[in-house]
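Working notes, structure below.
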Amino acid sequence: MIRSAICEMLGITYPVFQGGMAWIADGKLAAAVSEGGGLGIIASGNAPGAYVREQIRIARGLTDKPIGVNIMLMSPYADDVAKVVLEEKVDVVTTGAGNPSKYMKDWLAAGIRVIPVVASVALAKLMTRLGASALIAEGGESGGHVGELTTMVLVPQIVDTTSLPVIAAGGIADGRGMAAAFMLGAQGVQMGTRFLSAVECSIHPVYKEKILKANDLCTMVTGKRLGHPVRSLRTPFARAYQKAEYGGMPDEELEALGTGALRLAVQEGDNERGCFLAGQIAAMVKQEQPAADIVREVCEQAEPILMGASKWVK
Ligand code: TUI
C-alpha cells in the first residue's frame, strides 16, 4: 500500500489527485474519485460561481469523503468562485494558470487546505511562504494550459525548494509514472488525461474515443503567441489554429477562434471546431474503467516497482 504525508493530511487512502479539467471535472467525476480513495477535484474553468456551487453539492450528495475545487485563475469568474469555496467550506482548493496570493489569507482563515499548481521555483517559494499545504508541480507534458518545464525537470527542483509535500503532474498515467514521480521526491501524483476514460467522466463519446485511439505523437501545443500555451489533440481545429497563429492573424481574431472550443469538444464532440485537451500520455489510456479502479490500479502497479528499486543498487 502506498501512503504518504498527503494521505494523512487530507484524509485520503491513495495519494492520487484527479486533475481539475475545465468543462470535464464535474461533481460526479470528483465524487467517484474521492469514493475510490483519491482526491476528486471539481474544475471551475471559466464557469461562474453558481455552477461550481451546484457541482460541490452534487459531489457532497454522492460522497462524504474530502473533495477539492480547482480555480482557474485566468477565468473572469475567479473572484466569484473564490468566494463560493469559502461559503461551501470545501476541503481543498487547488489553483491553476496563475498566482493565487490575493485569496490565500481568506481561504486559510476558513480552514481550507490550499494546494496551488506551480510551474516555477519562484511561485513554489512564494506559495510555501504564504501557507500552502502542498504544491502541485505540473510539467508541460500535461493537457491544457502548460508551463515551460517538463515534469522530470520541474518536480525535483520544486522538491528542493519547499518543505511541503509535492504532488507531481503531467505525463503520469500508470504505476511506472507514479513510481518515477516518487523517485523524484514527490509524495503524490495528479492525473488528468487518464481520468478522461473513467466511466463516470461525462465527456462526449467522440472525445473518449479519440483518447482511446490516440498515439504517441497525437498532441500539440497551440496558443504560445497569445501567452496561453495549451496542449490538445492534433485535430483539424488545432492545425487550423496553429496555421492562423503563425500566419499573422490579428490577436483579437485568434482569441475569437479559440472561444467556445473547449465546450464544443466536451459537449458536442465537434471534430472540426472543438479543442480536445489531452496530455502526452493519451496513447497510454487504453480502456474505459470506473474511476475507483484507475486510482487503485495505478497505486498497485507502482508498489512492486518501488519495492524492486533496490535491484539497481549493487
Ligand atoms: O491550469 C492548468 N491547466 C488548464 S487551465 C485550462 S482553461 C484555459 N482555457 C483557455 C486558455 C487557457 C486555459 C485548461 N487547462 N494547469 C495548471 C497550470 N498552472 N499549468 C501551468 C500553470 C501555471 C503557470 C504559471 C501556474 C502558475 C503560473 O504562474 C503565474 C505567476 O504569476 O507566477
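Every number for a ligand or one of its atoms is a count from 1 in the order of the listing. These numbers come from the heavy atoms of this one structure, side chains and all, not from hydrogens, waters or symmetry mates. By convention here, the first residue in the shown sequence is residue 1.
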Could you find the nearest protein heavy atom to [atom] and give me its residue, atom name and distance?
atom                    : value
atom 22 (C) of ligand 1 : A97 N, 3.6 Å
atom 7 (S) of ligand 1  : M72 CE, 3.6 Å
atom 31 (C) of ligand 1 : N99 CB, 4.0 Å
atom 9 (N) of ligand 1  : L262 CD1, 3.9 Å
atom 13 (C) of ligand 1 : M74 CE, 3.8 Å

Polar contact flag for H145 and ligand 1 (N/O pairs, less than 3.5 Å):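 Min N/O separation from ligand 1 is below 3.5 Å for H145.
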Ligand 1 N/O within reach of N46 N/O, cut-off under 3.5 Å: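 Looking only at distances, the answer is no, because the N/O contact criterion of under 3.5 Å is not met.
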I158 to A124 - nearest heavy-atom pair and separation: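 Closest approach of I158 to A124: CD1-CB, 3.7 Å.
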Where M104 and A132 come nearest, the two heavy atoms and their spacing: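 Smallest interatomic distance, heavy atoms only, reads CE-N, 3.8 Å.
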Is it true that [Y] and [X] share a donor-acceptor pair across their side chains at a distance under 3.5 Å?
X    : Y    : result
N70  : T94  : yes
E288 : S197 : no
T63  : S34  : no

Atom 17 (C) of ligand 1 protein-contacted, heavy-atom criterion under 4.0 angstrom: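 It does: a protein heavy atom is found less than 4.0 Å away from atom 17 (C) of ligand 1.
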Residue pair L264, F237: steps toward the side-chain contact (heavy atoms from CB on, under 4.5 Å) verdict: CA-CA 11 Å; L264 283 172; F237 169 81; over 6 Å; no
From G20, G98, A119 - option closest to atom 27 (C) of ligand 1 by heavy atom: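 Comparing heavy atoms across G20, G98, A119, the nearest one to atom 27 (C) of ligand 1 lies in G98.
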Name of the residue among L196, D26, I41 meeting side chain to side chain contact (heavy atoms under 4.5 Å, CB included) with M21: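 Filter result, single survivor: L196.
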Spacing of OH belonging to Y241 relative to CE belonging to M249, to within rounding of 0.5 Å: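 One gets 9.0 Å once the value is rounded to the nearest 0.5 Å.
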Ligand-residue contact atoms, ligand 1 with G144, heavy atoms, under 4.0 Å: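 Going through ligand 1 atom by atom, the ones under 4.0 Å from G144 are 14 (C), 15 (N).
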Element-labelled atoms of ligand 1 that are located less than 4.0 Å from some non-hydrogen atom of L277: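 Listed by number with element: 14 (C).
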Residue portion contacting ligand 1 (non-hydrogen atoms closer than 4.0 Å) for L123: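 Side chain only.
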Which segment of M21 sits under 4.0 Å of ligand 1 when only heavy atoms are counted: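 Under 4.0 Å from ligand 1, M21 contributes no heavy atoms.
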T219 side chain vs S232 backbone, donor-acceptor pair below 3.5 Å: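 No, because the side chain of T219 does not come within donor-acceptor range (under 3.5 Å) of the backbone of S232.
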